[in-house]
Each structure stands twice: as structure tokens, then as C-alpha cells.
Amino acid sequence: MAIEGYQEAGVRKTVVRSVAALVGMFAFAFALVPLYDVFCKVTGLNGKVDTTAQAIVHEEVDQSRFVTVQFITRGSAGLPWQMSVETRQMRVHPGQTAEVDFTFTNNSAVESWGRAVPSVSPSSATTHLRKVSCFCFQEQQLQGGERLTIPLVFQLARDLPEEINTITLVYTLYPVQRIALQTVQNNNSAGDNI
């Protein structure tokens, strides 16, 4: 009897520890994405950039040097869109404001939503790139077959390190699911009719 009680207590102890470890792992995994985003924003690592507009800083343009800015566009599975850029590469002086047009085309016959997620390389250039106006700040909606051209307006900071001669901006398109929002709107509309 004493052995059985001892074994039961051991099993109970193991189950409690296992459940505590499982809850801890779940909480850590849940918190990892926001923590990583904060880390990238603070350090500028991984090329993550601000998703809000920044003001143009009126500073003297450094006419003594050029920086090549390259633009790369990528699609992703699940979004029948094509994104293209008017100019794949441009030369910009630090302190100068520049604009380039991106064109989005919905190749399907139905409306869909998408979002362009930016990345900057080298990551040390992230803090020196000011996006004044960007399609990446919000989700885009395109009707079936629709084509939309949207500008990216940016400025390179004058204090961009001398060793950075080329900056690459990569925009990857991802589908955005609008089902939950549509359901809420439909439920609100139904309530108005009652």
C-alpha cells in the first residue's frame, strides 16, 4: 500500500511538472513574435522597417556621393497578384527625397486583399531610410482584373554610413484574409434590420 501511494504521488508530481512545462512553452511561443518585433525595431536587425509614415527631414543633400537603391518584388502562394516596380534601381544622394511607382495587378476574377511586407538590406540601413508614403503601411484591396499604381516616397538620411553604397528594398506580397471582418460587418447589418 505504501509503495502504491508513493508511486501515485510520483505520477502526480510528474503530471503537474509536465503541465507546467507545457503552459510555460505555450506562453513563451505566444510571446516570441511580439518580442522579436520589438527587438528588430530597437536594433534594426533583420531589415524590419517602420510601418508608419515618417516626415521628410529638411537637411542638406550630400551631393558628393550616390547610393544605389534596388527594388525587388516577390509574390506569395495564395494571392493571385502581380507586383512590379517602374524602376528596378536608382541612384540617390543621402538627404534627397525620391519617388518610385509600384503597380499591383489582380490576375483573378474576384476581389482580394493583400499586403506588401518590406525588408531592407543591409539591416544597418534600416534606421537611415525614411518612408514618407508607402503602400506597405496598409492592406490593399483589388477587384478582379484591377490594376493599381501606387508610389513609394522615401528619403535616405544624410548620416547614412559611408560604407553603405547599395540598399536593397524587398517587398513580398501576402494574402490578407478578410472573412472575420466581413462576418462582423454582416452581423452588424443584420442587427440593423431587426
Side-chain angles (χ1 to χ4, degrees), residues 33-34 36-62 65-108 111-161 164-178 181:
V33 172
Y36 179 72
D37 286 341
V38 168
F39 174 78
C40 288
K41 186 172 185 170
V42 168
T43 63
L45 293 176
N46 196 28
K48 288 209 169 198
V49 295
D50 265 339
T51 55
T52 57
Q54 295 176 315
I56 292 177
V57 175
H58 298 287
E59 58 189 0
E60 187 177 328
V61 174
D62 182 357
R65 71 183 261 227
F66 276 104
V67 176
T68 302
V69 181
Q70 301 172 331
F71 304 98
I72 298 174
T73 59
R74 296 182 182 156
S76 67
L79 187 64
W81 290 14
Q82 180 180 351
M83 177 173 48
S84 59
V85 61
E86 173 190 343
T87 307
R88 290 250 171 233
Q89 180 172 299
M90 63 175 34
R91 295 181 68 197
V92 180
H93 294 289
Q96 175 184 352
T97 301
E99 182 176 322
V100 62
D101 286 334
F102 285 77
T103 301
F104 299 83
T105 306
N106 182 349
N107 294 321
S108 74
E111 168 193 271
S112 56
W113 289 80
R115 182 171 197 131
V117 177
S119 180
V120 177
S121 179
S123 59
S124 58
T126 303
T127 56
H128 303 281
L129 175 69
R130 298 181 192 114
K131 291 185 183 177
V132 178
S133 173
C134 183
F135 48 84
C136 61
F137 294 153
Q138 58 190 14
E139 298 166 354
Q140 304 298 324
Q141 173 192 15
L142 291 179
Q143 300 299 320
E146 183 179 359
R147 184 182 180 107
L148 178 65
T149 300
I150 307 173
L152 163 66
V153 180
F154 67 95
Q155 181 184 38
L156 295 181
R158 185 166 162 68
D159 64 349
L160 181 72
I164 298 177
N165 298 315
T166 303
I167 297 175
T168 304
L169 278 80
V170 179
Y171 289 95
T172 305
L173 277 173
Y174 291 101
V176 175
Q177 300 299 326
R178 304 294 290 193
L181 179 61

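In this text the structure is predicted, and so the values were computed from the model without any measurement.
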remark   = Rounded to the nearest 0.5 angstrom, the CZ-CD distance for F66 and Q96 is 7.5 Å
ask   = Who pairs with H128 by ring-ring contact (aromatic ring centres under 6.0 Å, His included), at least two apart in sequence or on another chain?
value = none
request  = Please say which of V67, V61, T97 ends up in a side chain to side chain contact (heavy atoms under 4.5 Å, CB included) with L156.
outcome  = V67
message = Restricting to non-hydrogen atoms, name the atom on P94 and the atom on A157 that form the minimum distance, rounded to 0.1 Å.
response = CB-O, 3.7 Å
task = State which residues pass salt bridge (Lys or Arg N to Asp or Glu O under 4.0 Å) with R91; sequence neighbours excluded, sorted by chain then number.
result = none
May I have the list of side-chain donor-acceptor pairs in residues 79-88 shorter than 3.5 Å, sequence neighbours left out?
from	atom 1	to	atom 2	distance (Å)
W81	NE1	S112	OG	2.7
R88	NH1	F71	O	3.4

From T166 atom OG1 to Q89 atom CD, the distance as rounded to the nearest 0.5 Å = 7.5 Å
remark   = Rounded to the nearest 0.5 angstrom, the CG-CG distance for N106 and L148 is 11.0 Å
query = Under the side-chain hydrogen bond (donor to acceptor under 3.5 Å, both in side chains) test, which residues partner Y174, sequence neighbours left out?
reply = none
query = Hey, does the side chain of S76 reach the backbone of L173 with a donor-acceptor pair shorter than 3.5 angstrom?
reply = yes
request  = List the atom of Q155, the atom of G95, and the distance in Å for their closest heavy-atom pair.
outcome  = NE2-O, 3.1 Å
query = Do you know which two heavy atoms are closest between C136 and R115, and how far apart they sit?
reply = O-NH2, 3.2 Å
key: Contacts of type side-chain hydrogen bond (donor to acceptor under 3.5 Å, both in side chains), residue T168, not counting sequence neighbours   = Q70
ask   = Passes side chain to side chain contact (heavy atoms under 4.5 Å, CB included), V69 versus V100? Steps please.
value = CA-CA 11 Å; V69 181; V100 62; over 6 Å; no
message = For a 4.5 angstrom cut-off between non-hydrogen side-chain atoms, does F154 reach L169?
response = no
note = By side-chain contact (heavy atoms from CB on, under 4.5 Å), I164 pairs with (sequence neighbours left out) P122, S124, A125, L160, P161, I167
query = Who pairs with T172 by side-chain hydrogen bond (donor to acceptor under 3.5 Å, both in side chains), at least two apart in sequence or on another chain?
reply = none
message = Among residues at least two apart in sequence or on other chains, which ones pass ring-ring contact (aromatic ring centres under 6.0 Å, His included) with F104?
response = F135
request  = With sequence neighbours excluded, tell me which residues meet side-chain hydrogen bond (donor to acceptor under 3.5 Å, both in side chains) with T68.
outcome  = none
message = Are there over 12 heavy-atom neighbours, none belonging to R74, within less than 6.0 Å of that residue's CZ?
response = no
request  = State, with a plain yes or no, whether a side-chain heavy atom of K131 is found less than 4.5 Å away from one of L152.
outcome  = yes
request  = Could you tell me which non-hydrogen atom of Q141 sits nearest to which non-hydrogen atom of E146, and how far apart they are?
outcome  = O-OE1, 4.2 Å
